[in-house]
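Notes follow the structure.
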Amino acid sequence: MALFTGTQQAYYNGGNLGNYQFISFADLKNNFLVSYVGEDKVISKIKIPDVNFHIQRGIAELSYDTLRSHKSQEIDVPPSLQMKLPHDYVNYVQISWCDDAGVERIIYPARKTSNPKALLQDDDYNYIFDSDSNLTTAQDSETWKKFKQKSTHTTVENVSGPDVDATLAEGRRYGITPEHAQFNGLFFIDNDRGYIHFSSGIHGKTVTLKYISDSLGTEDEIKVHKFAEEAVYKHVAHAILSTKANVPEYVIARFKKEKRAAIRQAKLRLSNLKIEELNLIMKNKSKIIKH
């Protein structure tokens, strides 16, 4: 039976362009049950919820460093200078803003500031409690308010004045660290509240967030590239065998070795290396650098 269903006209006029390179969660489960579960097979019997759990865990683990799980979002930064983290956000890859030429300008993290939990105090500096005897907190901390009001991204030559970002001015012109020798702006991430905070110079700019997803956000997102299909099967088989009782240790060790080999092969396949492109890049070695 062919894997491609439907007509070519429906494919090219529909909204699933490029979807053939992926395999769905349902197909992964059915293929695993056919290949690995049954009499005279490695796994004699297994519950369907167990298979579902291990497939999801396998996809999540492979998404971090093997699968193409990078996603992106683009927004216009509002006056609040905040961007909400996506629903399937795990970690960021790059944050940048787009200039008039369509070039992405990388925004660098501000490592020496944050948005801490601000406790409310009375005039005598005593903590204020609510009716349930719990500490009361402010919505925004004074640290974030001052960073939002005063932080600007200026050039290195202009490092004086009250509105200059403190991390940029640290060390003045001499002793400045390379990550601060730029004027694209700054950001920091408040993971507890789920926001990205930007410096004041980013207001009104179009910001792009490239981030890592665990590929488990929605049902439609649970799919795997066919280059990594075998890696998922080996991961699930090893996970099931290693948690079952009375399984010989040499069988577990065998599937652990096969899982590592399948993941390594998937990484090589998904790296998408092209000889012609590598050749062009390596030609830069012959350039003469003038001092």
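The structure displayed is predicted, hence computed values, not measured ones. As a basis for the values below, the full set of heavy atoms in this structure was taken, side chains included, without hydrogen atoms, waters or symmetry mates.
Residues Ser213 and Ser63 approach most closely at O-CB, 3.5 Å, considering heavy atoms. Here the closest heavy-atom approach between residue Met83 and residue Phe198 is recorded as CB-CE1, 3.7 Å. Summarising the geometry of Val77 relative to Val207, their closest heavy-atom pair is CG2-CG2, 3.2 Å, with the distance given to 0.1 Å.
Leu270 and Leu28 fall within the same hydrophobic cluster, where Ile, Leu, Val, Met, Phe, Trp and Tyr residues are linked whenever their side-chain heavy atoms come under 4.5 Å apart, directly or through other members. Note on Val232: it clusters hydrophobically with Leu33, by side-chain heavy-atom contacts below 4.5 Å among ILVMFWY residues. Under the 4.5 Å side-chain heavy-atom criterion for ILVMFWY residues, no single connected hydrophobic cluster contains both Leu67 and Ile212. In this structure, Ile196 is not a member of the same hydrophobic cluster as Val90, with clusters built from ILVMFWY side-chain heavy atoms closer than 4.5 Å. Linking Ile, Leu, Val, Met, Phe, Trp and Tyr whenever their side-chain heavy atoms come within less than 4.5 Å puts Ile48 and Val37 in one cluster.
Considering CG of Asn31 and CD of Glu229, their distance stands at 6.0 Å, rounded to 0.5 Å. Tyr195 contributes atom OH, which lies 9.5 Å from atom CG of Leu85 (distance to the nearest 0.5 angstrom). Here the OG1 atom belonging to Thr66 is positioned 9.5 Å from the NE2 atom belonging to His235, to the nearest 0.5 angstrom. Taking NZ of Lys148 as the reference point, atom OG of Ser80 lies at 7.0 Å (rounded to 0.5 Å). Of the inter-residue distances, the one linking Glu104 atom CD with Glu74 atom CD reads 8.5 Å to the nearest 0.5 angstrom. Interatomic distance, Leu186 CG to Ile202 CD1, rounded to the nearest 0.5 Å: 8.0 Å.
Ser114 has its side chain out of reach of Asp190: every pair of non-hydrogen atoms, C-beta onward, lies at least 4.5 Å apart. For the pair Ser199 and Leu81, the minimum side-chain heavy-atom distance is 4.5 Å or more. Residues Glu249 and Ile252 meet the side-chain proximity criterion, which asks for heavy atoms closer than 4.5 Å. The side-chain heavy atoms of His197 and Trp144, taken from C-beta on, include a pair separated by under 4.5 Å. Using a 4.5 Å heavy-atom threshold, the side chains of Glu276 and Asn279 count as separate. You'll find the side chain of Asn134 stays beyond 4.5 Å of the side chain of Phe129, heavy atoms only. Between Tyr108 and Phe187, every side-chain heavy-atom pair lies at or beyond the 4.5 Å cut-off. A heavy-atom distance below 4.5 Å is not found between the side chains of Ser72 and Leu209.
Ring planes of Phe147 and Phe188: perpendicular class, angle over 60° (limits at 30 and 60°).
Remark: Glu258 engages Arg254 in a salt bridge, criterion side-chain N to carboxylate O under 4.0 Å.
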Quiz item: Under the side-chain contact (heavy atoms from CB on, under 4.5 Å) criterion, do Leu135 and Lys117 qualify, and how do the steps go?
Solution: CA-CA 11 Å; Leu135 287 170; Lys117 183 181 295 185; over 6 Å; no

Quiz item: Can you check side-chain contact (heavy atoms from CB on, under 4.5 Å) on Tyr92 and Lys210, steps first, answer last?
Solution: CA-CA 6 Å; Tyr92 79 93; Lys210 297 179 182 179; over 6 Å; no

Quiz item: Hey, mind stepping through Lys29 and Phe32 against side-chain contact (heavy atoms from CB on, under 4.5 Å) and telling me if it holds?
Solution: CA-CA 5 Å; Lys29 178 178 66 176; Phe32 179 81; 5.9 Å; no

Practice problem: Determine, stepwise, if the pair Glu142 / Lys146 fulfils salt bridge (charged side-chain N to carboxylate O under 4.0 Å, His left out). | Solution: CA-CA 6 Å; Glu142 290 298 321; Lys146 293 178 180 178; 5.4 Å; no

Practice problem: Under the salt bridge (charged side-chain N to carboxylate O under 4.0 Å, His left out) rule, what do Asp140 and Lys145 come out as? Steps first, then yes or no, please. | Solution: CA-CA 7 Å; Asp140 293 325; Lys145 290 179 181 178; over 6 Å; no

Self-check item: Residues Ile106, Trp97; criterion side-chain contact (heavy atoms from CB on, under 4.5 Å); working and verdict
Solution: CA-CA 7 Å; Ile106 298 178; Trp97 58 269; over 6 Å; no

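Listed by first then second residue, pairs satisfying salt bridge (charged side-chain N to carboxylate O under 4.0 Å, His left out) with a partner in residues 36-48 number zero, not counting sequence neighbours. Listed by first and then second residue, the salt bridge (charged side-chain N to carboxylate O under 4.0 Å, His left out) pairs involving residues 78-90 are Lys71-Asp88 (not counting sequence neighbours).
For the 3.5 Å distance criterion, the side chains of Asp130 and Thr136 fail to qualify, holding no donor opposite an acceptor. Side chains of Asn115 and Ser141: a donor on one and an acceptor on the other come within 3.5 Å. In summary, the side chains of Tyr12 and Gln8 do not present any donor paired with an acceptor at a separation below 3.5 Å, with no hydrogens or angles considered. At a cut-off of 3.5 Å, with distance as the only test, a side-chain donor of Lys223 or Asn19 sits close to an acceptor on the other residue. There is no side-chain donor-acceptor pair under 3.5 Å between Asn91 and Tyr211.
Panel note: side chain Asp122, backbone Asn126; a donor-acceptor pair is recorded below 3.5 Å.
The neighbour count for Gln21 CD, taken as heavy atoms of other residues, nucleotides or ligands under 6.0 Å away, is above 12. The neighbour count for Arg260 CZ, taken as heavy atoms of other residues, nucleotides or ligands under 6.0 Å away, does not exceed 12.
When Ile43, Asn52, Ile55, Ile59 are each tested for a side chain to side chain contact (heavy atoms under 4.5 Å, CB included) with Val236, only one passes: Ile55.
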Donor-acceptor contacts under 3.5 Å from residues 238-246 side chains, at least two apart:
residue: Ser242; atom: OG; partner: His238; partner atom: O; Å: 2.9
residue: Ser242; atom: OG; partner: Ala239; partner atom: O; Å: 3.0
residue: Thr243; atom: OG1; partner: Ala239; partner atom: O; Å: 3.0
residue: Thr243; atom: OG1; partner: Ile240; partner atom: O; Å: 3.0

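In this structure, Lys226 is positioned above the aromatic face of Tyr20, its NZ or CZ under 6.0 Å from the six-membered ring centre and within 45° of the axis.
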